[in-house]
Amino acid sequence: LRGSRRGNSLEERENVQRAFINGVDKLVQNISMNEWRITHAHHNSFHLNESESILSKWRSIVESNGCHFVASTLFRDALSHSLAKDKGRRENVSREEYFDHLHTR
């Protein structure tokens with residue numbers, strides 16, 4: 001299950017997060033000990049600084065079925081992440097062009 005592309009407005013971001021949470025709510029129901037279920041939160045799907053109670057709820061549901069709940073976080077290199085995001089906005093941006101726009105004029 002994956003959240004949709006990042007929305008621009010606060011309302012769009014909240015809708016993406018709500019859809020992600022609703023999807024995971026369904027995903028953790030009726031899980032059995034012999035299966036894996038995996039979800040991936042990206043961009044505005046889920047915010048860790050606001051989600052402790054939601055993660056606790058999912059953990060309780062999963063563990064009540066005799067299963068393990070594993071949560072992990074991946075931190076990307078800040079420069080690589082910034083480059084990747086910027087390349088998504090502009091076509092064919094070289095590393096030099098990217099650094100050039102960072103310098104104050």
Side-chain angles (χ1 to χ4, degrees):
L1 182 71
R2 188 172 178 169
S4 63
R5 283 189 114 0
R6 185 170 30 117
N8 294 326
S9 72
L10 177 60
E11 181 181 357
E12 289 172 317
R13 290 191 307 266
E14 288 173 347
N15 288 339
V16 168
Q17 185 173 11
R18 192 170 9 279
F20 178 79
I21 291 168
N22 290 340
V24 176
D25 282 345
K26 291 176 188 169
L27 186 73
V28 299
Q29 298 302 317
N30 303 315
I31 191 168
S32 70
M33 291 175 51
N34 296 321
E35 66 181 303
W36 283 83
R37 296 195 184 170
I38 299 170
T39 187
H40 167 209
H42 197 92
H43 293 303
N44 289 317
S45 302
F46 198 63
H47 303 283
L48 295 176
N49 61 335
E50 305 168 349
S51 59
E52 184 177 351
S53 64
I54 298 166
L55 281 170
S56 293
K57 177 182 80 171
W58 292 336
R59 179 181 297 277
S60 294
I61 292 168
V62 169
E63 290 178 347
S64 72
N65 286 301
C67 300
H68 295 282
F69 183 89
V70 179
S72 65
T73 302
L74 171 73
F75 294 102
R76 291 176 64 178
D77 173 65
L79 179 58
S80 294
H81 182 69
S82 185
L83 268 168
K85 290 180 71 85
D86 199 55
K87 279 188 168 264
R89 288 187 212 116
R90 298 186 287 163
E91 292 291 321
N92 301 318
V93 177
S94 71
R95 189 176 182 95
E96 292 74 27
E97 290 171 315
Y98 178 80
F99 283 120
D100 184 55
H101 95 276
L102 294 177
H103 296 289
T104 52
R105 301 194 195 286

Fill in the blank from the handout: To the nearest 0.5 Å, atom CG of Asn65 lies from atom CG of Asn30 at 7.5 Å
Handout entry: Lys57 and Val28: CA distance, side-chain angles, deciding distance, side chain to side chain contact (heavy atoms under 4.5 Å, CB included) verdict
Key = CA-CA 10 Å; Lys57 177 182 80 171; Val28 299; over 6 Å; no
Problem - Atom of Lys26, atom of Arg37 and distance for their closest heavy-atom approach - result: O-NH1, 4.4 Å
Practice task
Please check if atom CD in Glu11 has more than 12 non-hydrogen atoms from other residues, nucleotides or ligands closer than 6.0 Å.
Solution key: no
Exercise for the section: Start with the C-alpha distance between Val16 and Phe20, add both sets of side-chain angles, then the distance that settles side chain to side chain contact (heavy atoms under 4.5 Å, CB included), and finish with yes or no. Expected result: CA-CA 6 Å; Val16 168; Phe20 178 79; 5.6 Å; no
Problem - Atom pair CD/CD1 of Glu14 and Ile21 - distance to nearest 0.5 Å - result: 10.5 Å
Handout entry: Residue pair Cys67 / Ser32: nearest heavy atoms and the distance that separates them
Key = SG-O, 3.5 Å
Completion exercise
Scanning both residues in full, the closest heavy-atom pair of Phe69 with Val62 reads CD1-CG2, 4.0 Å
Exercise for the section: List the steps, then state whether side chain to side chain contact (heavy atoms under 4.5 Å, CB included) holds for Ile61 with Gln29. Expected result: CA-CA 7 Å; Ile61 292 168; Gln29 298 302 317; 3.7 Å; yes
